[in-house]
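To start, the structure itself, in structure tokens.
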Amino acid sequence: MCGIVGYIGTEDAKEILLRGLEKLEYRGYDSAGIAVVNDQGVHVFKEKGRIAELRKVVDIEVEGTVGIGHTRWATHGAPSRINAHPHQSESARFTLVHNGVIENYEQLKREYLSQVDLVSDTDTEVVVQLMQRFVDDGKRVEEAFRYTLSLLKGSYAIALVDKEDVDTIYVGKNKSPLLIGVKDGVNVVASDAMAMLQITNQFLEIMDEEIVIVTRDSVTIKTLDGTIVTRNPYTAELDASDIEKGTYPHFMLKEIDEQPFVIRNIIQKYQNEDGTVRLDDNIRQAMKESDRIYVIAAGTSYHAGLVGKQLIEKLAQKPVEVHIASEFLYNMPLLSENPLFIFISQSGETADLRGVLVEVKKLGYRALTITNVPGSTLSREADFTLHTYAGPEIAVASTKAYTAQMAVFTLLAVDTAKARGIELDFDPIQELGIVAAAMETLCDQKDALEKIAREYLAVTRNCFFIGRAVDYYVVLEGALKLKEISYIQAEGFAGGELKHGTIALIEEGTPVIALATQEHVNLSIRGNVKEVAARGAYPCIISMEGHHGEDDTFVIPAVHEHLTPLVAVIPMQLIAYYAALHRGCDVDKPRNLAKSVTVE
Ligand code: M6R
């Protein structure tokens with residue numbers, strides 16, 4: 001959460017910083033700010049709201065070839081101009097942007113800053129005031145920076161500029177992502193490479209508890225005790241067009257439409273020439289050796305994990321537990337003797353998962369991360385990584401990453417089955433190919449789904465989703481998609497569970513979206529539909545070809561019964577998209593949310 005950029009080069013920094021922040025807006029968008037540095041000093045512009053609001057207050061006359069910027073998702077202090085970054089020290093000598101949470105900021109304030117009037121309610125301001133305090137006490141700037149960071153508990157990615165040395169950006173990192181982009185005579189700082197792709201595709205990773213001193217011509221990495229670290233840059237394999245909307249009105253719609261391509265891409269990346277699945281031998285071995293798999297995830301990735309459990313248990317016959325990351329640490333189940341942990345995360349940065357991963361590693365267990373961002377924290381810190389190859393997902397509501405995660409789970413389950421000598425009557429490559437084609441058919445039915453959204457959801461206050469067996473997991477995702485972007489109160493339920501309480505909420509006209517893709521529960525889910533209809537609900541039945549009814553609202557093309565979630569979710573994504581659109585919501589950037597949840 002929160003995005004950081006920095007630039008030191010030869011061009012005017014303003015537009016580069018603003019464009020970079022626009023690319024990072026998915027990380028938080030309740031306020032934003034930049035600091036432009038020139039010989040006259042450090043000029044700070046900040047505003048509540050989106051980058052578009054910030055643009056209105058930036059003085060175009062102010063020019064400078066150095067600068068830092070920030071887009072915020074508020075944790076400490078309301079989203080306001082005063083709490084927006086950059087923050088400055090009392091004398092305005094130091095200016096700083098920060099992503100993360102300083103857990104001990106109250107204590108630091110008491111211990112070191114009792115004489116300082118802090119102007120914001122943020123944890124961040126403490127850091128910049130500490131810099132000033134230690135420099136006033138006689139420390140050199142770099143020394144003060146390392147000392148300040150050594151006092152911080154929690155997570156941070158920081159960029160700092162000094163009015164008295166306008167040719168340097170000081171950078172530090174612990175647990176929050178931050179990269180340095182390098183080029184001749186120009187260096188940049190970014191929370192995500194995509195923010196600075198227009199400048200360079202060469203990036204240097206920064207490890208936790210390292211600082212970087214960035215000038216136009218040099219990048220010096222040091223540990224907090226001052227030891228120099230050498231590291232080579234890597235090439236960011238990102239295509240600038242992947243992070244543009246193109247002709248689409250929203251990233252979410254583009255990303256929904258990309259799903260057939262993503263599935264085909266996954267097939268290609270994980271296929272041997274003879275058509276069998278290709279996975280890392282070490283992952284196969286770890287899956288084979290473990291006596292139980294623990295899947296840890298949050299949000300949409302958790303929903304993919306539930307489907308993953310079905311796939312691994314059904315195909316590889318290995319027991320799987322799926323846990324919400326934020327609960328796992330505080331309510332850890334009794335673990336088996338030889339567990340393997342699978343962390344599923346689109347971003348690879350989710351703090352709740354990282355907390356569990358750190359603990360799991362301390363306990364000496366092995367971990368596999370399934371992620372869309374291979375260089376991410378969760379990927380680096382796990383023993384193994386499986387890449388989901390979905391391409392950058394920009395819309396806050398996850399769509400293509402979810403189906404990609406399930407496709408990768410399919411291949412992992414089949415590979416594990418094979419390693420265990422289990423004969424399967426299921427060719428994943430062929431079946432995923434059928435899924436990709438069915439996805440295409442669904443993406444071509446936008447008009448029908450838009451009509452459903454209008455008919456059922458244009459004015460409603462709430463909506464229930466029901467499903468049984470694996471359809472239950474898909475309706476959880478359908479409900480999450482709808483609520484997060486349309487603000488309709490939407491809940492997913494196991495079909496049989498509704499009458500144990502929630503049915504009390506059904507009123508005349510309450511929309512109930514029922515998913516029926518599974519033959520063995522087809523009759524029972526239809527029975528549940530009748531129960532709610534008898535109480536006035538307005539049911540919408542989404543079923544699968546082969547066992548659909550004449551009056552079903554929408555019929556999905558048939559795919560293998562193990563893979564129905566990959567296609568059944570598409571109507572749900574599109575219904576949510578159109579419902580949000582009809583209600584005038586900001587589809588790609590829903591209120592209160594951020595794409596990457598890097599605070600616990
Ligand atoms: O990057 P991750 O997959 O770890 O993110 C987990 C959740 O924050 C994420 O899936 C969230 O629920 C999305 N907004 C759902 O659309």
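In this chain, numbering begins with 1 at the start of the sequence shown. In listed order, ligands and their atoms are each counted from 1.
With 3.5 Å as the limit, one finds no donor-acceptor pair spanning the side chains of E497 and T502. Between Q405 and T388, the side chains place no donor N or O within less than 3.5 Å of an acceptor N or O (distance only, hydrogens not considered).
No donor-acceptor pair closer than 3.5 Å links the side chain of Q518 to the backbone N or O of A469.
With respect to the salt-bridge test (charged N to carboxylate O, under 4.0 angstrom), the residues D383 and R366 do not qualify. Ion pair D588/K254 not flagged as a salt bridge, since none of the NZ, NE, NH1 or NH2 atoms sits closer than 4.0 Å to an Asp/Glu carboxylate oxygen. Between E381 and K361 there is no salt bridge, since none of the side-chain N atoms of the basic residue sits less than 4.0 Å from a carboxylate O of the acidic one. A salt bridge does not link E258 with R264: every distance from a Lys NZ or Arg NE/NH1/NH2 to an Asp or Glu carboxylate oxygen is 4.0 Å or more.
Not a single heavy atom of E349 lies less than 4.0 angstrom from ligand 1.
Considering backbone and side-chain N/O atoms, K481 comes within less than 3.5 Å of an N/O atom of ligand 1. Residue V396 places at least one N or O, backbone or side chain, under 3.5 Å from an N or O of ligand 1.
Tested against S398, the residues K595, K481, E393 include a single side-chain hydrogen bond (donor to acceptor under 3.5 Å, both in side chains) partner, E393.
Counting heavy atoms under 4.0 Å from ligand 1, residue T300 touches it through both backbone and side chain. Contact annotation for K595 and ligand 1: no heavy atom of the residue comes within less than 4.0 Å of the ligand.
Ligand 1 places these atoms under 4.0 Å from at least one heavy atom of A397: 16 (O). Near S398, meaning under 4.0 Å from one of its heavy atoms, ligand 1 places the atoms 15 (C), 16 (O). Under a 4.0 Å criterion applied to the non-hydrogen atoms of S301, ligand 1 contributes the atoms 2 (P), 3 (O), 10 (O). Using a 4.0 Å cut-off to heavy atoms of G299, the atoms of ligand 1 that qualify are 10 (O), 12 (O). Less than 4.0 angstrom separates some heavy atom of S345 from each of these atoms of ligand 1: 1 (O), 2 (P), 3 (O), 4 (O).
Of all protein heavy atoms, the one closest to atom 1 (O) of ligand 1 is S347 OG, 2.7 Å. Distance from atom 5 (O) of ligand 1 to its nearest protein heavy atom, with residue and atom name: T350 OG1, 3.6 Å. The protein heavy-atom contact nearest to atom 14 (N) of ligand 1 is E484 OE1, 2.8 Å. Of all protein heavy atoms, the one closest to atom 7 (C) of ligand 1 is A298 O, 3.7 Å. Atom 8 (O) of ligand 1 has V597 CG2, 3.8 Å as its closest protein atom, hydrogens excluded (heavy atom only).
Two residues are said to be in side-chain contact when any heavy atoms from C-beta on lie closer than 4.5 Å; L432 and L411 meet this criterion.
Within a 6.0 Å sphere centred on CD of Q489, heavy atoms belonging to other residues, nucleotides or ligands number 12 at most.
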